[in-house]
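In what follows, chains carry the letters A, B, and so on, assigned in the order in which the sequence lines appear, proteins first and then strands, with residues in each chain numbered from 1.
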Number of protein chains: 2
Amino acid sequence: MDKQLRMTHQREVILSELGKCHTHPTADELYERVKKKLPRISLATVYRNLEILSEAGLIRKLEVSGRQKRFDWDLRQHDHIYCVRCHRVDNIDLEGKKQLSLPAHESRGYKVSGCRIEFFGLCPGCRKIQQKTRKGEEKMGCKTCGTGLSDKQREVLEALAKCKDACGSKDIAAATSLEPKQVSCQITALKKKGYVASPARCKYEITSEGKAALS
Amino acid sequence: MDKQLRMTHQREVILSELGKCHTHPTADELYERVKKKLPRISLATVYRNLEILSEAGLIRKLEVSGRQKRFDWDLRQHDHIYCVRCHRVDNIDLEGKKQLSLPAHESRGYKVSGCRIEFFGLCPGCRKIQQKTRKGEEKMGCKTCGTGLSDKQREVLEALAKCKDACGSKDIAAATSLEPKQVSCQITALKKKGYVASPARCKYEITSEGKAALS
DNA sequence: TGTTGACATAATAATAGTTACCATGTACTT
DNA sequence: AAGTACATGGTAACTATTATTATGTCAACA
């Protein structure tokens, strides 16, 4: 019942690229690297083979923070440290402290097969960025949102750009095809993105970021 | 700049249901429970509020193994144990061993903000199941595949069901609208799901699981 | 005291990451 | 040499999550 594992060219390249990375790459990071050697390879092949190779014990699939799975060529026992900002993952070695073990009366009936230790914080690169951005709001711009503009948002922002002074949402509603309620809804979203500021209650104006976003 | 958090009825229910759960539920598990109290609540509201409540520090968002995020009402420092089979998460308390700290020369330049310790293994329930299923293959049936049948798979399986004895893929191809190559492809998938067995090389027959899957 | 805008919600579309499907290609087995 | 098993590329489908938007609710100011 032992499986035969065919070592295809694709698998060789995936393995060797993973071996060259010391960064615990995600499947699509590895795909980008492998594509340089095998331009016609499919993303599905990379996913499939990472799964197969890790089941065969040739590589290790990591369970680390963040939404993407990561893979490691280094099979030795070691732990990781995770950057909460850029999601980078590095190795750490806990030397003496080695393996934690769980006292039997604390295992809650589980058959324990291992333990995972993960430190987290800011990596050196992100520490620097954090210090620079420390004044005022953070505006780190993660996630998928951040810069995009929907059609309605663009319409409101363009109307705001034409106003010389700060104006209320009724003025905007008049200048666009939108109703006042819809305008206020869009303005809320635009403020969140930093494209609109409110110098006084119920008065809005476009920010320099907002102008930049329009072009 | 401090946020005001409006305690709506939806939020109250989400909080109280999370408090009643001692199972570190995922967003959709919690959604199912909350829906019994508030049938008209939206899944998005649950997601949004779990995010907001955890940012406000009223609950904790956990980073544990598995693909779904989990939430915890218990804010005290504690660690977790994870079942690799059913993905259940329980609490553990490491007593004296408490907080691991990372020696400065090992932190690789990171500004460390915390540490996560997670044991994993089989929970009591899954240990029993594992023992029963130990003979032969495992057939644990995780993932999304497992039981579903595509149109072509169903066609092949139905043809196999009509055969009294084991037959080759050519016989199946003749009995269906499919070509021999396609049949062999489908049979491979069906074997993986446990719906087809191969009593002899190149001979296939439907299993009892296969018959059950057809009905 | 009625507006106005901040904050919430339900419904749904969109997104990211991953896996399934399947036609086709390649390599073992006998 | 035939026939099967295994692998691949391309793409559809899926899961979990987040964004969008019309609408609803509430608190505070004019």
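Look at CD1 on A/I52: it is 9 Å from C1' on D/dC6, rounded to the nearest Å. Computed from coordinates, the B/R11 CZ to C/dC7 P distance equals 11 Å when rounded to whole Å. Counting to the nearest Å, the C1' atom of D/dT17 and the CD atom of B/E63 are 14 Å from each other. For the pair A/E51 CD and C/dG17 P, the interatomic distance rounds to 17 Å; values are reported in whole Å. One can place CZ of A/F71 at 13 Å from P of C/dG17, the figure rounded to the nearest angstrom. Straight-line distance from the OH atom of B/Y31 to the C1' atom of D/dT17: 14 Å, rounded to whole Å. Atom CG of A/L5 is separated from atom P of C/dA27 by 15 Å (rounded to the nearest Å). In this structure, B/L50 places its CG atom 13 Å from C1' of D/dA16, rounding to the nearest Å.
Between B/K61 and A/H9, the residue anchored closer to the 5' end of DNA chain D is A/H9, taking for each the nucleotide with the nearest heavy atom.
Salt bridge present: B/E32 and B/K35 bring a charged side-chain N and a carboxylate O closer than 4.0 Å. The pair A/K61-A/E51 counts as a salt bridge, with a side-chain nitrogen and a carboxylate oxygen less than 4.0 angstrom apart.
Distance from the side chain of B/Q10 is smallest for C/dT9 among the nucleotides D/dG9, C/dT9, D/dT15. Proximity note for B/Y204 (side chain, C-beta onward) versus C/dT9, D/dA5, D/dT17: the nearest is D/dA5.
For the contact set between residues 32-48 of chain A and DNA chain D, defined by any heavy atom under 4.0 Å, the members are A/R40, A/I41, A/S42, A/A44, A/T45, A/R48.
Shortest non-hydrogen contact noted between A/V89 and A/H24 is O-ND1, 3.0 Å.
Among the atoms of the strands shown, only primed sugar atoms or phosphate atoms (P, OP1, OP2) are found under 4.0 Å from some heavy atom of A/N49.
Using bins of under 30°, 30° to 60° and over 60° for the plane-to-plane angle, the ring pair A/H87/A/Y82 lands in the tilted bin.
The side-chain heavy atoms of A/C123 and A/R85, taken from C-beta on, include no pair separated by under 4.5 Å. Counting heavy atoms from C-beta outward, B/C115 and A/F120 have side chains that stay 4.5 Å or more apart.
Note on B/K69: every side-chain N or O is 4.0 Å or more away from OP1 and OP2 of D/dT15. In terms of phosphate contacts, B/R6 brings no side-chain nitrogen or oxygen within less than 4.0 Å of OP1 or OP2 of C/dT9.
Under the rule for a side-chain contact (heavy atoms from CB on, under 4.5 Å), the partners of B/I187 that lie at least two apart in sequence or sit in another chain are B/V156, B/S169, B/V183, B/K191, B/V196, B/Y204.
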